[in-house]
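So the structure is just underneath, and the comments pick up after that.
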Amino acid sequence: MTFDDVFKQLATIDKAAVSLLKAACPHPDEGLPGSVRPLADPAQDRFLREQTGNMLESLTLLHAEFRYLTSPVSREYQLTLFSNGRYGCFDGDILTLSCGKAIEAKLHDSHGRP
């Protein structure tokens, strides 16, 4: 199996997850809506709704991660430590980073190993 095979299967799972999430319309704090018919046994219904809500929340997270992995890279720079003690990069001008600016960094040690 190749990485492409794994990624294609994840795409299929993501598509099915999105379809289920749209159909079930779970509420983040309350789980499944009342439109999903309850089971005859209230205790069993309560248990299964809670567990199903947990699984649907996991599918929501899976979808968010998959969307992130399939989004294009916006920019790529070499991260630099400047003399003022701040990290940043060069983009024609010096761009310094501060708290509140999200970055994704691929780091290497002094020997160039990830």
Side-chain angles (χ1 to χ4, degrees):
M1 178 174 268
T2 67
F3 177 78
D4 286 341
D5 296 331
V6 172
F7 207 72
K8 284 177 187 173
Q9 288 190 25
L10 281 173
T12 301
I13 292 168
D14 179 62
K15 186 176 181 179
V18 169
S19 176
L20 175 59
L21 289 167
K22 284 181 182 176
C25 299
H27 186 276
D29 298 324
E30 299 170 16
L32 292 173
S35 60
V36 175
R37 279 182 271 153
L39 297 171
D41 179 357
Q44 181 75 354
D45 182 70
R46 198 169 32 256
F47 172 75
L48 288 177
R49 280 179 183 273
E50 182 179 318
Q51 297 304 311
T52 302
N54 291 342
M55 288 188 288
L56 291 172
E57 186 177 331
S58 294
L59 289 177
T60 301
L61 294 173
L62 176 134
H63 177 61
E65 287 289 321
F66 191 77
R67 269 193 14 224
Y68 169 72
L69 289 176
T70 57
S71 65
V73 174
S74 59
R75 288 176 276 190
E76 192 171 328
Y77 300 103
Q78 182 172 344
L79 193 61
T80 304
L81 177 60
F82 296 116
S83 60
N84 64 1
R86 289 197 174 271
Y87 283 93
C89 53
F90 294 103
D91 184 22
D93 293 320
I94 294 176
L95 301 172
T96 57
L97 302 173
S98 60
C99 63
K101 291 186 179 178
I103 65 166
E104 180 177 338
K106 181 178 179 182
L107 305 175
H108 292 83
D109 65 16
S110 60
H111 303 288
R113 295 180 300 232

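Heads up: numbering here begins at 1 and tracks the sequence. The shown structure was predicted, so the numbers you read here are calculated from the model rather than taken from an experiment.
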Next item on the list: Report the distance from atom CG of Leu97 to atom OG1 of Thr80, rounding to the nearest 0.5 Å.
Entry: 10.0 Å
Notebook entry, point to check: So do the side chains of Leu10 and Leu69 get within less than 4.5 Å of each other, counting heavy atoms only?
Noted result: no
Margin query: Please report the interatomic distance CE(Met55) to CD(Glu57), rounded to the nearest 0.5 Å.
Written below: 12.0 Å
Notebook entry, point to check: What is the distance from atom CZ of Arg46 to atom CG of Asp41, rounded to the nearest 0.5 Å?
Noted result: 8.5 Å
Next item on the list: Run the salt-bridge test on Asp45 and Arg49 with the 4.0 Å N-O cut-off and return the result as yes or no.
Entry: yes
Next item on the list: Using ring-ring contact (aromatic ring centres under 6.0 Å, His included) as the criterion, list what pairs up with Phe90, not counting sequence neighbours.
Entry: Phe82
Next item on the list: For Cys89 and Gln78, work out which heavy atoms get closest and say how close.
Entry: CB-O, 3.6 Å
Check: What pairs with Tyr77 under side chain to side chain donor-acceptor pair (under 3.5 Å), at least two apart in sequence or on another chain?
Finding: Asp91
Margin query: Distance check, rounded to the nearest 0.5 Å: Leu59 atom CG versus Thr52 atom OG1?
Written below: 10.5 Å
Check: Measuring from Thr70:OG1 to Glu65:CD, what's the distance to the nearest 0.5 Å?
Finding: 11.0 Å
Next item on the list: Look up atom CZ in Phe7 and atom CG in Asp14, then write down how far apart they are to the nearest 0.5 Å.
Entry: 9.0 Å
Check: Around Phe66, counting heavy atoms of other residues, nucleotides and ligands shown, do more than 12 lie under 6.0 Å from its CZ?
Finding: yes
